Participant: 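Okay, here's the structure, questions in a sec.
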Amino acid sequence: MFSNARSISNKYFVIRYQPNQLEVSRLGTAVSKKAVRTSIQRNRLKRIIRESFRHENLSGCDLVVTVRSAVVNADNRVLYQSLRKLWQELLSRCVN
RNA sequence: GGAGUUGGCCAGACAGUCGCGGCUGCGUCGCAAGAUGCAGCGGAGGAAAGUCCGGGCUCCACAGGGCAGGACGCCAGGUAACACCUGGGCGGCGAGAGCCGACGGAAAGUGCAACAGAAAGAUACCGCCUAUCAUCACCAGAGGAUACUCUGGUGAAUGAGGUAAGGGUGAAAUGGUGCGGUAAGAGCGCACCGCGCAAGUGGUAACACGAGCGGCAUGGUAAACCCCGUCCGGAGCAAGACCAAAUAGGUAUCCCAUGGCGCGGCCCGCGCUGGAUACGGGUAGGUUGCUCGAGGCGUUUGGCGACAAACGUCCCAGAUGAAUGACUGUCCAAGACAGAACCCGGCUUAUCGGCCAACUCCGCCU
RNA sequence: GGCUGGAUGGCAGAGUGGCUAUGCAGCGGCCUGCAAAGCCGUGUACGCCGGUUCGACUCCGGCUCCAGCCU
């Protein structure tokens, strides 16, 4: 994934993606200790990413979401909006 | 009413919708392993953290002996154990409730103390001193032939000697004050204070009080080596066990049974047995360990207390890319620090606040 | 999760209780027609907070950060 995939990103997240041959999408998260210091913050971010992914209807794509250090100071609402924009952009690219 | 001390407790609440991982029951699929749907039950902390101590558990030998090394260090008790806790002693801080303390030994030995200072453990720089000795100067007396000699006195100039009062240095310099004493001084003597030894008394002990004795010594540093006493084998759940899969006990070089490995400080001992290095090759999956425990809660009893015992009652996370969240609404004191990973007991560190109890001091009223 | 090591100027790197070496880099000067090299001079440091000590980079605690090892 990390060597072959294409990626899109914004201030808070980086999403790497790669089409697969399945009917469902598969999600992986990688929240580094370097970007987010405390484990409770890392868990929170992974939950947010999963929750946001659950609400979207993507299919046939393998995804890995990584974070940037700015996420620590952002509140949940901002992060959800940020992720939604990324999913939509991803969707439009996949259609193309 | 204000200021404070100590101990204990809580860690947003409620409702709705959508989700996550666990266990149990039932259904469906499947030979089975398991997958899946529904329902029910439960689902992070006081620090889960740091990994700083102490244990359990597992493997190494059943954890053995010695050396080395480490830890602890007032006393008694608690405990599975501890560097923790409780009670007490001593010292320090505070007006007090209270708080803090690595709190054994420097007369077993070795070392260290920069700079300054005379000197940093046995010494005397400046200073003080003519009582004593030698020299010198002066005066007086006696002897003698002017020389000179002897005796006595004065001076304190030089040396010897005495001294540790005073000065200055330093983080630290050989008890303090007063009187006597002396050439000057000095525990040299005395009084009081301090210090040391100590019969005895109280206390389990640490320790406290202390008749009496000693004129005063053994300066500091042991988070320097060290001595004394007590304790400690090593590694860690990525320990370890089981199942499945895969593969080649390969090749080369070197060493050698007083050897090598287990055993990771060393020696002994025990067990196993050829080993080391290089090259080449294989594996990276699952199950288990995994939560019932020195367990929680309540009552009674014993104890000042830490805690213990008895009885009753409850079952309270167990994930493995790793589960507790999101959204909406209401309320308030407006929610801090922060996420289990084998399990406990502590310590330390982070932390918005709130509640309860006991106690202290100050002010006012009765 | 468990275990181990480290932190000294801008960089590298010594230092076993008494002033923190040394090299490279920087700055100024000498040298040179101009530079390089060389020579002379110069500034800058013990991760943080406590304790022991007369005195701590060093000894002892506690934090913070950075590396490495074990599946």
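The model shown is predicted, which means the values in this text are computed figures rather than measured ones.
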Participant: Which way is the base of B/C316 turned, syn or anti, if we draw the line at 90° from 0?
Facilitator: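 Judged by the O4'-C1' to base torsion, B/C316 sits in syn, the angle falling within 90° of 0.
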Participant: Rounded off to whole Å, could you give me the CG-to-C1' distance for the A/N76 and B/G19 pair?
Facilitator: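 A/N76 atom CG is separated from B/G19 atom C1' by 15 Å.
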Participant: Taking the same atom, P, in C/G15 and in C/G47, what whole-Å distance lies between them?
Facilitator: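 One P to the other, the span is 15 Å.
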Participant: Roughly how many Å is it from CD1 in A/I49 to P in B/A323, rounded to a whole number?
Facilitator: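 My rounded result for the distance is 13 Å.
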Participant: Check whether any side-chain N or O of A/S92 sits under 3.5 Å from a backbone N or O of A/E89 as a donor-acceptor pair, and report yes or no.
Facilitator: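 Present.
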Participant: Could you please name the partner base of B/U163, counting Watson-Crick and G-U wobble pairs only when both distances are under 3.5 Å?
Facilitator: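 Its partner is B/G127.
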Participant: Should A/F13 and A/L86 be marked as a side chain to side chain contact (heavy atoms under 4.5 Å, CB included) after you check the CA-CA gap, both sets of side-chain angles, and the distance that decides it?
Facilitator: CA-CA 9 Å; A/F13 300 98; A/L86 282 176; 3.9 Å; yes
Participant: With both distances kept under 3.5 Å, what pairs with B/C216, Watson-Crick or G-U wobble?
Facilitator: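 Across any shown strand, B/C216 pairs with B/G194.
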Participant: To the nearest Å, give me how far apart CZ (A/R44) and P (B/G325) are.
Facilitator: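 Distance, rounded to whole Å: 12 Å.
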Participant: By the rule that syn is within 90° of 0, classify the base conformation of B/G249 as syn or anti.
Facilitator: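 In terms of base orientation relative to the sugar, B/G249 is syn.
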Participant: So does A/L79 get a backbone contact from the side chain of A/N76, meaning a donor-acceptor N/O pair under 3.5 Å?
Facilitator: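 It does not hold such a pair.
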Participant: Between B/G265 and B/G233, how far is it from one C1' atom to the other, in whole Å?
Facilitator: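 Between the two C1' atoms, the distance is 12 Å.
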Participant: Does the pair A/N10 and A/K85 meet the rule for a side chain to side chain contact (heavy atoms under 4.5 Å, CB included), with working shown?
Facilitator: CA-CA 9 Å; A/N10 64 11; A/K85 277 186 193 164; 5.6 Å; no
Participant: In whole Å, what separates the P atom of B/C227 from that of B/C190?
Facilitator: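 Those two atoms are separated by 45 Å.
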Participant: Using atom P of each nucleotide, how far apart are B/C290 and B/C272 to the nearest Å?
Facilitator: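 Their P atoms lie roughly 32 Å apart.
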Participant: Taking atom C1' in both B/A252 and B/G281, what distance in whole Å separates the two?
Facilitator: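 Those two atoms are separated by 16 Å.
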Participant: Check for a donor-acceptor pair, side chain of A/R6 on one end and backbone N or O of A/R16 on the other, with a separation under 3.5 Å.
Facilitator: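 A pair under 3.5 Å: no.
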Participant: Can you tell me the distance, in whole Å, between the CG atom of A/N43 and the P atom of B/G321?
Facilitator: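 That distance rounds to 14 Å.
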Participant: Name the pairing partner of C/U52, where a pair is Watson-Crick or G-U wobble with both distances under 3.5 Å, or state none.
Facilitator: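 Check on C/U52: unpaired, no WC or wobble geometry under 3.5 Å.
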Participant: Apply the test side chain to side chain contact (heavy atoms under 4.5 Å, CB included) to residues A/I8 and A/L90: give CA-CA distance (whole Å), side-chain angles for both, the deciding distance (0.1 Å), then the verdict.
Facilitator: CA-CA 8 Å; A/I8 57 172; A/L90 185 65; 4.0 Å; yes
Participant: Searching all strands shown, indicate the nucleotide that pairs with B/G7 (Watson-Crick or G-U wobble; both distances under 3.5 Å).
Facilitator: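 When the pairing criteria are applied, B/C356 turns out to be the nucleotide that pairs with B/G7.
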Participant: At under 4.0 Å, does any side-chain N or O of A/T38 touch on OP1 or OP2 of B/A338?
Facilitator: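 The answer is no; no side-chain N or O of A/T38 sits under 4.0 Å from OP1 or OP2.
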Participant: Which value, in whole Å, describes the distance between the P atoms of nucleotides B/C316 and B/G43?
Facilitator: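 Between the two P atoms, the distance is 8 Å.
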Participant: Give me the distance, rounded to whole Å, that separates B/A47 from C/G6 when you measure between the C1' atoms they each carry.
Facilitator: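 Each nucleotide's C1' atom is 29 Å from the other's.
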Participant: Return the value, rounded to whole Å, for the distance between atom CG of A/D75 and atom P of B/A326.
Facilitator: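 Distance check: A/D75 CG to B/A326 P gives 11 Å.
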Participant: Hey, does the side chain of A/R77 come within less than 4.0 Å of B/U328's phosphate (OP1/OP2), counting only N and O?
Facilitator: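 The answer is yes; a side-chain N or O of A/R77 sits under 4.0 Å from OP1 or OP2.
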Participant: Please check if any side-chain donor atom of A/Q81 sits under 3.5 Å from a side-chain acceptor atom of A/R84, or the reverse.
Facilitator: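 On atom types as modelled, these side chains do not qualify, holding no pair under 3.5 Å.
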Participant: Which way is the base of B/A160 turned, syn or anti, if we draw the line at 90° from 0?
Facilitator: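 For B/A160, whose glycosidic angle is more than 90° from 0, the conformation is anti.
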Participant: Taking any strand in view, what nucleotide pairs with B/A140 in a Watson-Crick or G-U wobble way, both distances under 3.5 Å?
Facilitator: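 Pairing partner: B/U151.
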Participant: In Watson-Crick or G-U wobble terms, both distances under 3.5 Å, what is the partner of C/C30?
Facilitator: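 Check on C/C30: paired to C/G38, both distances under 3.5 Å.
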Participant: Looking at every strand, decide which applies to A/T29 at a 4.0 Å heavy-atom threshold: base, sugar-phosphate, or nothing.
Facilitator: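 Base, at least one base heavy atom under 4.0 Å.
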Participant: How long is the straight-line distance from CZ of A/F53 back to OG1 of A/T29, given to the nearest 0.5 Å?
Facilitator: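 Going from OG1 on A/T29 over to CZ on A/F53, the span is 11.0 Å.
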Participant: Distance between the P atoms of B/C209 and B/C225, in whole angstroms?
Facilitator: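 The answer is 35 Å between these two P atoms.
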Participant: Between the base of B/G321 and the side chain of A/R50, is there any donor-acceptor pair under 3.5 Å?
Facilitator: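 It does not, because no donor-acceptor pair links the side chain of A/R50 to the base of B/G321 below 3.5 Å.
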Participant: Reading RNA chain B from 5' onward, which residue's closest nucleotide shows up sooner: A/E51 or A/G28?
Facilitator: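 Per heavy-atom nearest nucleotide, the more 5' residue is A/G28.
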Participant: So if I take every side-chain heavy atom of A/R54 and compare against B/A323, B/G19, B/A326, which nucleotide ends up nearest?
Facilitator: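 Closest nucleotide among those given: B/G19.
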Participant: Taking any strand in view, what nucleotide pairs with B/G34 in a Watson-Crick or G-U wobble way, both distances under 3.5 Å?
Facilitator: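 In the structure as shown, B/G34 has B/C29 as its Watson-Crick or wobble partner.
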Participant: To the nearest Å, give me how far apart CG (A/L45) and P (B/A338) are.
Facilitator: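 About 15 Å, once rounded to whole Å.
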Participant: Once you round it to whole Å, what is the distance between P of B/A340 and CD1 of A/I40?
Facilitator: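 Going from CD1 in A/I40 over to P in B/A340 covers 9 Å.
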Participant: Starting from C1' on B/A323, measure out to CZ on A/R42 and report it in whole angstrom.
Facilitator: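 Atom-to-atom, A/R42 to B/A323, this comes out as 16 Å.
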Participant: If pairing requires Watson-Crick or G-U wobble contacts with both distances under 3.5 Å, which nucleotide is the partner of B/U299?
Facilitator: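 Base-paired to B/A310.
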Participant: So which one's nearest nucleotide on RNA chain B is more toward 5', A/Y80 or A/H55?
Facilitator: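 The residue closer to the strand's 5' end, by nearest nucleotide, is A/H55.
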